[in-house]
Colleague: 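One structure, as structure tokens, below. Some questions next.
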Amino acid sequence: MREPLKGVAPSILAADFGRLAEQVATVLAGGAKVIHVDVMDGHFVPPITMGPLAVEAIAEQVHAAGAAVDVHLMIERPERQIEAFAQGGADSITVHAEATPHVQYALQSVRDAGCLASLALNPGTPVEAASELAGDLDMVLCMTVNPGWGGQRFLEHSIAKLERLRTLLGPDPAIEVDGGIDTETARRCAAAGATVFVAGTAVFGARDPAQKVKEIGAALTG
Ligand code: DX5
Ligand code: ZN
């Protein structure tokens with residue numbers, strides 16, 4: 001059984017890909033125990049980003065630091081790609097509730113592949129979308145912006161949604177927030193029940209990304 005994800009999860013979507021290994025090393029040195037990989041297919045969301053090769057490129061480095069590779073699939077029919085990402089070195093794989101009619105099957109396939117299974121909910125998707133799946137998931141990713149781009153503004157109604165989600169799920173599953181997360185929004189999401197905090201722009205846009213990881217991490221406990 002894998003350890004649940006926890007804490008700040010820098011999103012490499014906002015990293016400089018010309019020096020990806022160096023950027024990943026910086027945030028690992030800052031104490032990040034989760035590296036978030038945003039996979040977009042040009043269908044579920046308009047942009048195309050990275051695939052299993054990107055996961056493979058960072059997996060060894062991340063694992064050597066005792067951290068986890070957290071793959072966020074913003075793609076249609078994610079169940080068809082799970083094996084490839086698991087083989088690339090993913091530790092957790094998130095599928096969107098809106099991306100397939102076979103959500104339970106997708107989550108089951110993630111666990112069968114040896115990874116933590118996570119379900120993402122778009123801002124317009126009610127928390128009840130997770131209610132039949134509590135036994136099939138290790139984490140719920142609550143989108144705090146609409147998926148597709150970094151650098152968007154945090155949606156305020158996410159706080160009340162997180163509180164409903166925590167009540168629905170009980171204390172055990174991890175809850176990840178993703179989009180518009182900085183020191184202040186992370187602190188408020190933590191108070192509402194979130195346990196994993198994806199941050200792209202806030203971390204890699206900072207003058208000192210390692211320091212920013214520490215700063216967001218400190219805000220969660222303080
Ligand atoms: C958005 C992605 C996010 C993105 C967050 O669709 O899922 O993970 O990298 O970026 P920021 O932290 O800039 O909002
Ligand atoms: Zn993401």
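Position 1 is the first residue of the sequence; numbering continues from there. Whatever order the structure lists ligands and atoms in, that order sets their numbers, starting from 1.
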Colleague: For L121, is there any backbone N or O sitting under 3.5 Å from a side-chain donor or acceptor partner on E98?
Modeller: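 Not confirmed, E98 side chain does not pair with L121 backbone.
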Colleague: Mark up the atoms of ligand 1 that fall under 4.0 Å of a heavy atom belonging to G179, in ascending order.
Modeller: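 Near G179, meaning under 4.0 Å from one of its heavy atoms, ligand 1 has 14 (O).
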Colleague: Show me which atoms of ligand 1 lie under 4.0 Å from any heavy atom of H72.
Modeller: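 It comes down to these atoms of ligand 1: 7 (O).
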Colleague: Which residue and atom name correspond to the protein heavy atom nearest atom 12 (O) of ligand 1, and how close is it?
Modeller: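 Going atom by atom, the protein heavy atom closest to atom 12 (O) of ligand 1 ends up being G200 N, 2.8 Å.
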Colleague: Can you see which heavy atom on V8 is nearest to which on V213, and at what distance?
Modeller: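 Minimum heavy-atom separation between V8 and V213: CG2-O, 3.8 Å.
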Colleague: If you draw a 6.0 Å radius around CD in E163, do more than 12 non-hydrogen atoms from other residues or ligands fall strictly inside?
Modeller: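 Yes, CD of E163 has more than 12 neighbouring heavy atoms, counting only those of other groups under 6.0 Å.
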Colleague: Starting from atom 5 (C) of ligand 1, which protein heavy atom do you reach first, and at what distance in Å?
Modeller: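 Nearest protein contact, heavy atoms only, for atom 5 (C) of ligand 1 is D178 OD1, 3.5 Å.
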Colleague: Within this structure, what is the CD1-CD distance for the pair I82 and Q87, rounded to the nearest 0.5 Å?
Modeller: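 It comes to 12.5 Å.
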Colleague: Is N146 in polar range of ligand 1, meaning some N or O pair under 3.5 Å apart?
Modeller: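 By distance alone, the answer is no.
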Colleague: Between CG of L165 and CD of E128, what distance do you get to the nearest 0.5 Å?
Modeller: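 One gets 9.5 Å once the value is rounded to the nearest 0.5 Å.
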Colleague: Is the shortest N/O to N/O distance between G180 and ligand 1 below 3.5 Å?
Modeller: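 The answer is yes, given that G180 and ligand 1 share an N or O pair closer than 3.5 Å.
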Colleague: For atom 4 (C) of ligand 1, which protein heavy atom lies nearest, and how many Å away is it?
Modeller: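 In this structure, atom 4 (C) of ligand 1 has D38 OD2, 3.7 Å as its nearest protein heavy atom.
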Colleague: Taking only heavy atoms of W149 into account, list the atoms of ligand 1 that are under 4.0 Å away from them.
Modeller: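 Answer for ligand 1: 1 (C), 6 (O).
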Colleague: Can you name the N, O or S atom of D38 that is closest to the Zn ion (ligand 2)?
Modeller: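 Nearest N/O/S atom: OD1.
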Colleague: Under a 4.0 Å threshold between the charged nitrogen and the carboxylate oxygen, would K161 count as salt-bridged to E156?
Modeller: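 So E156 does not pair with K161 through a salt bridge.
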Colleague: Which of the atoms in ligand 1, numbered in the order shown and given with their element, are less than 4.0 Å from a heavy-atom of V198?
Modeller: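 Taking each heavy atom of V198 in turn, ligand 1 has 8 (O) under 4.0 Å.
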Colleague: Within a distance under 4.0 Å of any heavy atom of T201, pick out the atoms of ligand 1 and give their elements.
Modeller: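 Answer for ligand 1: 11 (P), 12 (O), 13 (O).
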Colleague: How long is the gap from NZ on K212 to OG1 on T26, to the nearest 0.5 Å?
Modeller: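 So the gap between those two atoms works out to 15.5 Å.
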Colleague: Taking the non-hydrogen atoms of G151, is any one of them nearer than 4.0 angstrom to ligand 1?
Modeller: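 Per 4.0 Å heavy-atom rule, G151 contacts ligand 1.
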Colleague: Please identify which atoms of ligand 1 are closer than 4.0 Å to at least one heavy atom of M74.
Modeller: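 Reading through ligand 1 atom by atom, the close ones are 6 (O), 7 (O).
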Colleague: Between R111 and D136, is there a salt bridge with N-O shorter than 4.0 Å?
Modeller: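 No, no charged N to carboxylate O under 4.0 Å.
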Colleague: List ligand 1 atoms under 4.0 Å from P147, heavy atoms only on the residue side.
Modeller: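 By the 4.0 Å cutoff, the relevant atoms are 6 (O).
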Colleague: Assess V145 for proximity to ligand 1: is some non-hydrogen atom of it under 4.0 Å away?
Modeller: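 The answer is no: ligand 1 sits nowhere under 4.0 Å from a heavy atom of V145.
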Colleague: State the atom name: nearest N, O or S atom of D178 to the Zn ion (ligand 2).
Modeller: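 Output for this pair reads OD2.
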Colleague: Could you grab the distance from atom CG of L53 to atom CE of M50, nearest 0.5 Å is fine?
Modeller: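 These two atoms lie 12.0 Å from each other.
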Colleague: Taking the N/O/S atoms of H72 one by one, which is nearest to the Zn ion (ligand 2)?
Modeller: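 Minimum-distance N/O/S atom of H72 relative to the Zn ion (ligand 2) is ND1.
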Colleague: Can you confirm whether F17 is buried at CZ, in the sense that more than 12 heavy atoms of other residues, nucleotides or ligands lie under 6.0 Å from that atom?
Modeller: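 Atom CZ in F17 is packed in, count exceeds 12.
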Colleague: Applying a 4.0 Å heavy-atom criterion (strictly less than), which segment of S11 is in contact with ligand 1: side chain, backbone, both, or neither?
Modeller: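 Within the 4.0 Å criterion, S11 contacts ligand 1 through side-chain atoms alone.
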Colleague: Donor-acceptor pair, distance only, cut-off 3.5 Å: does the side chain of T195 make one with the backbone of I175?
Modeller: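 At least one qualifying donor-acceptor pair exists.
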Colleague: Could you pull out the closest heavy-atom pair between L133 and L119, with the gap in Å?
Modeller: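 Of all heavy-atom pairs spanning L133 and L119, the closest is CD1-CD2, 3.9 Å.
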Colleague: Among the heavy atoms of G148, does any lie under 4.0 Å from an atom of ligand 1?
Modeller: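 Judged by the 4.0 Å heavy-atom criterion, G148 does count as contacting ligand 1.
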Colleague: Check ligand 1 against G150 and write out every atom of the ligand that is under 4.0 Å from a heavy-atom position of the residue.
Modeller: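 Every atom of ligand 1 under 4.0 Å from some heavy atom of G150: 10 (O), 13 (O).
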